[in-house]
There are 2 protein chains.
Amino acid sequence: MAQARDEETGQERRVRGRRSDARRNAELIIDAAWDVLGRDPGASMGDIAQGAGVGRVTLYSHFGSRPELVEAVLAHAMTDAEASLRTVDLGGDPRAALTRLIDSSWRIVDRSRALLRAAQDELSPERIRALHEAPMRRIHTLIERGQSDGIFRADAPTAWLVATFYSVLHTAADEITADRLTEEAAPHAITGTLLAAYTPPGQPVPDVPPAGNR
Amino acid sequence: MAQARDEETGQERRVRGRRSDARRNAELIIDAAWDVLGRDPGASMGDIAQGAGVGRVTLYSHFGSRPELVEAVLAHAMTDAEASLRTVDLGGDPRAALTRLIDSSWRIVDRSRALLRAAQDELSPERIRALHEAPMRRIHTLIERGQSDGIFRADAPTAWLVATFYSVLHTAADEITADRLTEEAAPHAITGTLLAAYTPPGQPVPDVPPAGNR
DNA sequence: GGTTTCCCGAACACATGTGTTCGGGTTAAT
DNA sequence: ATTAACCCGAACACATGTGTTCGGGAAACC
């Protein structure tokens, strides 16, 4: 009794005895970790504590180890992403839906790229994939619908098209970082590439819809 | 005088006084590093020395630091890749040429993926890109030709299509590692995706040519 | 066969990070 | 106002890695 699932970490904690400043600090730490790891995937626990304006000991009282913290941060980021993607209408024409999804996804991917790298150094691939599950399911479902409608190519597994989706988004993020792609040009490049990649053989590649009515 | 560019590292070394076992050890070390780092990007200098059947001190007498070694290994791998790609005929129909290029590239990418990760932890992005220059130029040239022939889409920068090429190849490698894609299915998936992604808007997506006459 | 070059284990100095313990001080809760 | 929960600097133990020094022994070169 007197237990509940913590909304962020999913870990069980006593709620009765949890003081308000402790709860606030846990959030400060997660936010700081998101920020610091987002800039430098190799940042130390000390760096993160400092970023949160908190002692290193305090940090360890909330998150027992580095992997534990990284996992909490990634989970938090995925929850955020899910919340943002939930507002996107994935109905109607699959191609239009895909375009909308890209528009509201690519910045998120861009921002959490370094964090993902930190996670890859600390967490197992299975764990990372599990944490990605919620947002990934949205994409998977959309692509699957497009495939059964004959709009997206069905001669490749859905999982492959999903992997391609992430791949292109991450590539765009890398190209932006390297200053070979501007933020303005990114959505057009991504959308054009993916709409084409998803077009069934024999069918014409669609034009990228203009930045309006999305 | 009495100096020459070392074929592998590009570094200057006295040639006159270089004993044969020393030269052989340097090669052993590079080979071992390729192998060990290819399995674990985080492997230590000690691990690599052991893999080469050589003392750690000997390793340091050949490569002054970890970044120096990693750079030499990556350079060696790129030279190898170049040699392999040089045999590919990139003339004729750009789509057919692309297919041939993929067929002889994707395994190489698959095998040097972990090494690339090691390099990313040690070398600057600019340095890594510079080392990739030779093989990348082949792809760049081919894509550019396809674009000016109207076969590949020209509404995106050549650099973006090149980035997409690498991206899809690396994704396939990841999917193979995760057992979500078989080695047999990989070439078809990669080729199908890239041929489609490169098709100009309005034109039909080509079928993937069968595994014959390449 | 003499000389130079190279090998390489042992040991060292150093840096950096993780995770824990201690103890006094602070703050939220009732 | 009292109590229990929490903060947090300092110090510690530990692990792991890098790069260097030393010195005897082995191998290559002429």
Side-chain angles (χ1 to χ4, degrees), chain A residues 2-4 6 11-33 36-37 39-73 117-119 121-123, chain B residues 2-4 6 9 11 13-33 36-37 39-73 117-119 121-123:
Chain A
Q3 289 194 339
D6 185 288
Q11 286 161 20
E12 298 182 19
R13 288 243 166 85
R14 283 179 322 225
V15 159
R16 175 84 68 82
R18 197 100 188 286
R19 239 168 59 176
S20 66
D21 54 346
R23 194 166 30 240
R24 194 173 51 87
N25 272 335
E27 280 171 26
L28 279 177
I29 290 169
I30 292 219
D31 288 350
V36 173
L37 290 178
R39 264 193 273 278
D40 173 17
S44 72
M45 295 293 263
D47 295 335
I48 295 169
Q50 192 172 358
V54 143
R56 208 166 58 92
V57 180
T58 303
L59 194 162
Y60 273 105
S61 80
H62 286 283
F63 305 94
S65 70
R66 190 165 214 277
E68 198 173 310
L69 171 61
V70 171
E71 171 153 350
V73 176
R117 230 189 118 72
D121 289 337
E122 230 74 52
L123 272 40
Chain B
Q3 287 194 340
D6 185 288
T9 66
Q11 286 158 21
R13 289 243 165 82
R14 283 178 325 225
V15 159
R16 174 85 67 83
R18 196 99 188 285
R19 237 168 61 178
S20 67
D21 55 347
R23 193 165 31 239
R24 195 174 51 87
N25 272 334
E27 279 170 28
L28 279 177
I29 290 169
I30 291 220
D31 289 349
V36 173
L37 290 179
R39 263 193 274 279
D40 173 16
S44 71
M45 296 292 264
D47 295 335
I48 295 169
Q50 192 172 0
V54 143
R56 208 166 58 91
V57 180
T58 303
L59 194 162
Y60 274 104
S61 79
H62 286 283
F63 305 94
S65 70
R66 190 165 215 276
E68 198 173 311
L69 171 60
V70 170
E71 171 152 349
V73 176
R117 230 189 117 74
D121 288 338
E122 230 75 52
L123 272 41

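Chain identifiers are assigned alphabetically (A, B, ...) following the order of the sequence lines, protein sequences preceding nucleic acid strands; residue numbering begins at 1 within each chain.
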Next item on the list: Mind checking salt bridge (Lys or Arg N to Asp or Glu O under 4.0 Å) for Asp21(A) and listing every partner two or more places apart, or none if nothing turns up?
Entry: Arg19(A)
Next item on the list: For Val54(A) and for Ser20(B), locate the closest nucleotide of DNA chain D by heavy-atom distance; then report the residue assigned to the nucleotide nearer the 5' terminus.
Entry: Val54(A)
Check: What string of B, S and - do you get for nucleotides 14-26 of chain D 5' to 3' if you count protein non-hydrogen atoms under 4.0 Å?
Finding: ----SBBB-----
Item checked: Under the salt bridge (Lys or Arg N to Asp or Glu O under 4.0 Å) test, residues paired with Asp121(A) that sit two or more places apart -> Arg117(B)
Check: What pairs of residues pass the side-chain hydrogen bond (donor to acceptor under 3.5 Å, both in side chains) test when at least one of them lies in residues 46-56 of chain A, not counting sequence neighbours?
Finding: Ser44(A)-Asp47(A)
Notebook entry, point to check: Who passes side-chain contact (heavy atoms from CB on, under 4.5 Å) against Ala52(B), sequence neighbours left out?
Noted result: Ile29(B), Ala32(B), Val54(B)
Note to self: Between C1' on dA27(D) and CZ on Arg18(B), what's the gap in Å once rounded to a whole number?
What the structure shows: 16 Å
Next item on the list: Might you work through the side-chain contact (heavy atoms from CB on, under 4.5 Å) test for Asp40(B) and Val36(B), ending with a clear yes or no?
Entry: CA-CA 6 Å; Asp40(B) 173 16; Val36(B) 173; 5.6 Å; no
Check: Does Ser61(A) make a side-chain N or O approach to OP1 or OP2 of dC7(D) shorter than 4.0 Å?
Finding: yes
Next item on the list: Please report, rounded to the nearest Å, how far the P atom of dC7(D) is from the CD atom of Gln50(A).
Entry: 18 Å
Margin query: Output the rounded distance in Å from CZ (Arg24(A)) to C1' (dA29(C)).
Written below: 15 Å
Item checked: Rounded distance in Å - NE2 (His62(A)) to P (dA5(D)) -> 15 Å
Next item on the list: Go through the structure and list residues passing salt bridge (Lys or Arg N to Asp or Glu O under 4.0 Å) with Asp31(B), not counting sequence neighbours.
Entry: none
Check: Taking atom C1' of dC29(D) as reference, at what distance in whole Å does atom CG of Asp21(B) sit?
Finding: 10 Å
Note to self: How many whole angstroms separate atom CG of Asn25(A) from atom C1' of dA5(D)?
What the structure shows: 13 Å
Checklist line | Residue-phosphate contact under 4.0 Å: Thr58(B) side-chain N/O, dC8(C) OP1/OP2 | finding: yes
